[in-house]
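These notes concern the structure reproduced below.
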Amino acid sequence: MPELPEVETIVRGLKSELVGQRVKEFRFLSPHLEKEQLPGSFQPATYKGRKILDIRRRGKMIIIEFEGRLGWLVHLKMTGQLFLTEPECKIDKHTHALLKFYRLKKELRFRDIRKFGFLNCLDLTQIEGKIGNDLGPEPLEIDLASFKRLLKTHGKKRLKNWLLDQKIIAGIGNIYSDEILFRAGLNPFRLAGSLTDREATRLYRAMKRVLKEAIAFKGSSISDYVDASGERGRFQERHQVYAREGRLCPRCRQEKIIRKKINGRSTFFCPGCQD
DNA sequence: AGCCCATCCTGTCCGC
DNA sequence: TGCGGACAGGATGGGC
């Protein structure tokens with residue numbers, strides 16, 4: 001479900017309400033998250049009485065830091081949600097974990113229809129190790145020269161796959177890769193190493209612009225995504241190509257948006273003005 | 001090395 | 001209305 005802009009929106013919302021709050025209770029509501037805990041994980045009871053010190057994002061991962069170097073490493077995958085709600089609000093069968101606080105009336109819930117997501121209870125050192133090994137740089141922090149270098153070092157990959165590869169750049173998913181390539185006017189089948197210097201600069205600027213704009217609109221809500229307060233995003237109204245097969249291209253107004261599969265993922269683009 | 005496909009799981013939508 | 005198949009924001013691993 002969520003990509004960088006959605007995860008960033010969730011993290012900002014959670015951070016503003018939860019930093020400084022002390023845990024009264026943490027429990028799993030269904031067996032699957034508990035069963036998937038990695039070796040060396042902490043029991044939920046370990047978290048009781050600890051304050052939340054920080055909440056941050058790395059790529060599409062969410063890291064919640066508790067006192068005593070305890071953490072949560074959360075990935076929402078396709079349908080995961082992490083949101084605050086009133087305790088009276090009904091808990092359905094897709095809600096898998098619950099966190100209550102002493103002072104805050106609202107509770108934090110982890111809900112995930114397809115169960116692809118994870119919530120791992122680990123030591124901060126383990127979390128940082130996992131993240132450091134698996135993820136490429138942040139798209140909103142990388143500089144132009146490093147970006148161009150990455151295009152060359154993974155030059156045989158198609159642009160679509162290059163953008164989706166979390167080890168190259170962390171945080172972009174299927175919606176934003178299409179929107180970025182449209183904004184840059186680049187064909188998703190092009191090889192990363194084939195871009196001219198000017199095209200590479202265009203891609204870099206499109207990436208920053210699309211992601212920043214999407215964050216300003218609080219992400220895209222296609223079906224399940226909601227932010228930390230359960231609100232939907234509005235960037236889906238600004239999508240130029242994603243899920244707009246058959247519609248007239250908003251740039252050239254000549255060709256229609258088409259859909260092709262790349263690596264099993266639906267890819268939407270304009271065959272006229274994306275070369 | 002990189003592409004394609006299946007896989008994890010549940011829900012929705014579309015055509016017959 | 002029911003049923004089967006395709007598809008969905010992610011990531012991984014096997015085969016080619």
Side-chain angles (χ1 to χ4, degrees), chain A residues 1-11 29-33 35-36 38 57-62 73-83 92-96 110-120 130-131 133-136 139 150-182 187-194 210-211 214-215 217-227 232-246 259-268:
Chain A
M1 160 190 119
E3 307 179 28
L4 186 152
E6 291 76 34
V7 179
E8 180 65 25
T9 304
I10 291 169
V11 163
L29 301 174
S30 63
H32 95 274
L33 276 185
K35 270 195 297 199
E36 286 167 17
L38 301 168
R57 177 190 64 74
R58 179 73 176 85
K60 298 173 196 170
M61 306 268 200
I62 299 169
L73 180 62
V74 181
H75 197 308
L76 302 171
K77 296 286 180 89
M78 300 277 260
T79 53
Q81 300 169 328
L82 202 52
F83 60 95
D92 72 1
K93 62 172 176 175
H94 301 301
T95 308
H96 307 301
F110 177 86
R111 182 171 180 270
D112 184 10
I113 293 176
R114 290 173 75 178
K115 301 193 180 94
F116 290 169
F118 59 75
L119 188 163
N120 285 324
K130 278 184 74 70
I131 282 170
N133 297 336
D134 301 341
L135 294 181
L150 285 172
L151 281 169
K152 293 295 177 199
T153 50
H154 304 270
K156 294 281 177 57
K157 282 177 101 82
R158 289 167 176 167
L159 285 179
K160 169 78 173 195
N161 291 333
W162 189 87
L163 286 170
L164 285 179
D165 191 333
Q166 305 300 300
K167 291 191 266 316
I168 300 176
I169 298 254
I172 296 165
N174 208 35
I175 295 177
Y176 295 103
S177 57
D178 284 4
E179 293 298 321
I180 289 166
L181 288 169
F182 175 78
N187 189 297
F189 287 90
R190 283 277 298 278
L191 298 187
S194 78
V210 167
L211 295 176
I215 292 170
F217 280 80
K218 303 196 186 283
S220 306
S221 289
I222 302 298
S223 59
D224 303 285
Y225 166 70
V226 290
D227 71 10
R232 291 167 60 83
R234 287 179 297 114
F235 194 69
Q236 66 280 4
E237 298 157 19
R238 321 264 306 185
H239 290 173
Q240 308 284 292
V241 286
Y242 181 80
R244 297 178 67 84
E245 187 185 11
R259 161 169 31 189
K260 293 221 162 135
K261 289 263 183 201
I262 301 183
N263 237 348
R265 313 299 302 278
S266 277
T267 301
F268 302 89

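All chains are named by letter (A, B, ...) in the order of the sequence lines, taking the proteins before the strands, and each is independently numbered beginning at 1. These numbers were taken from a predicted model, which means no experiment stands behind them.
Considering only side-chain atoms of K157(A), the nucleotide from dT10(B), dG2(B), dA8(C) that sits closest is dG2(B). When each of dT10(B), dA8(C), dA1(B) is scored by its nearest atom to the side-chain atoms of K156(A), the top-ranked nucleotide is dA1(B). Nearest to the side chain of Q166(A), among dA11(C), dA8(C), dG2(B), sits dA11(C). Of all nucleotides listed (dA8(C), dC3(B), dT12(C)), dA8(C) comes nearest to the side chain of R114(A). The side chain of K60(A) sits closest to dA11(C) out of dC3(B), dA11(C), dA8(C). Here the side chain of H154(A) is nearest to one of dG2(B), dG11(B), dC5(B), namely dG2(B).
H96(A) and F110(A) have tilted rings, their planes meeting at an angle from 30° to 60° on a 0 to 90° scale. Using bins of under 30°, 30° to 60° and over 60° for the plane-to-plane angle, the ring pair F118(A)/H75(A) lands in the tilted bin.
The aromatic ring of F116(A) does not stack onto the base of dC9(B), failing the criterion of a centre distance under 5.5 Å from the six-membered base ring together with planes under 30° apart.
dT7(B) atom C1' lies 11 Å from atom NZ of K77(A), rounded to whole Å. Following rounding to the nearest Å, D224(A) (CG) and dC9(B) (P) show an atom-to-atom distance of 18 Å. Atom CG of L164(A) is separated from atom P of dC5(B) by 16 Å (rounded to the nearest Å). Between the CD1 atom of I262(A) and the P atom of dC5(B) there is a distance of 12 Å, given to the nearest Å. Distance CG (D112(A)) to P (dA11(C)): 13 Å, rounded to an integer number of Å. dG10(C) atom C1' lies 14 Å from atom CG of L4(A), rounded to whole Å. One atom, CD of E245(A), and another, C1' of dA8(C), lie 14 Å apart when rounded to the nearest Å. To the nearest angstrom, C1' of dC3(B) lies 14 Å from CZ of R265(A).
If you check every strand for non-hydrogen atoms under 4.0 Å, N174(A) touches sugar and phosphate atoms only. No engagement by G264(A) is indicated, since no non-hydrogen atom pair under 4.0 Å with the nucleic acid exists. Here K93(A) lies in heavy-atom contact (under 4.0 Å) with sugar-phosphate atoms only. Within 4.0 Å (heavy atoms only), Y242(A) reaches sugar-phosphate atoms of the nucleic acid but no base atom. I222(A) comes within contact range of at least one nucleobase, with a heavy-atom separation under 4.0 Å. Residue contacts for S220(A): at a heavy-atom cut-off of 4.0 Å it reaches a base atom on one of the strands shown.
Of the side-chain N and O atoms in N161(A), none sit less than 4.0 angstrom from OP1 or OP2 of dG2(B). Under 4.0 angstrom from either OP1 or OP2 of dT10(B) there lies at least one side-chain N or O belonging to K115(A). In this structure, T79(A) does not reach the dA8(C) phosphate: none of its side-chain N or O atoms is under 4.0 Å from OP1 or OP2. The side chain of H94(A) places an N or O atom within less than 4.0 Å of a non-bridging phosphate oxygen (OP1 or OP2) of dG11(B).
Pairing each heavy atom of I169(A) with each of L150(A), the nearest pair is CD1-CD1, 4.4 Å. Annotation for E3(A) and E6(A): closest pair N-OE1, 2.8 Å, computed over non-hydrogen atoms.
Across dC7(C) and dC5(B), the matching C1' atoms stand 15 Å from one another, rounded to whole Å.
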_Walk me through whether L211(A) and E8(A) qualify under side chain to side chain contact (heavy atoms under 4.5 Å, CB included)._
CA-CA 10 Å; L211(A) 295 176; E8(A) 180 65 25; over 6 Å; no

*asked:* Between T79(A) and R114(A), is the side chain to side chain donor-acceptor pair (under 3.5 Å) condition met? List the steps.
replied: CA-CA 6 Å; T79(A) 53; R114(A) 290 173 75 178; 5.5 Å; no

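Annotation: side chain of S220(A) is in contact with side chain of Y176(A) (closest heavy-atom distance under 4.5 Å).
The residues D112(A) and K77(A) are annotated as not salt-bridged, no charged nitrogen and carboxylate oxygen being separated by less than 4.0 angstrom.
Atoms CD and CE, on Q166(A) and M61(A) in that order, are 8.5 Å from each other to the nearest 0.5 Å.
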*When Watson-Crick pairs (N1 to N3 and N6-O4 or O6-N4) and G-U wobble pairs (N1-O2 and O6-N3) count only below 3.5 Å on both distances, what is the dot-bracket string of DNA chain B, with | for other-strand pairs?*
.|||||||.|||||||

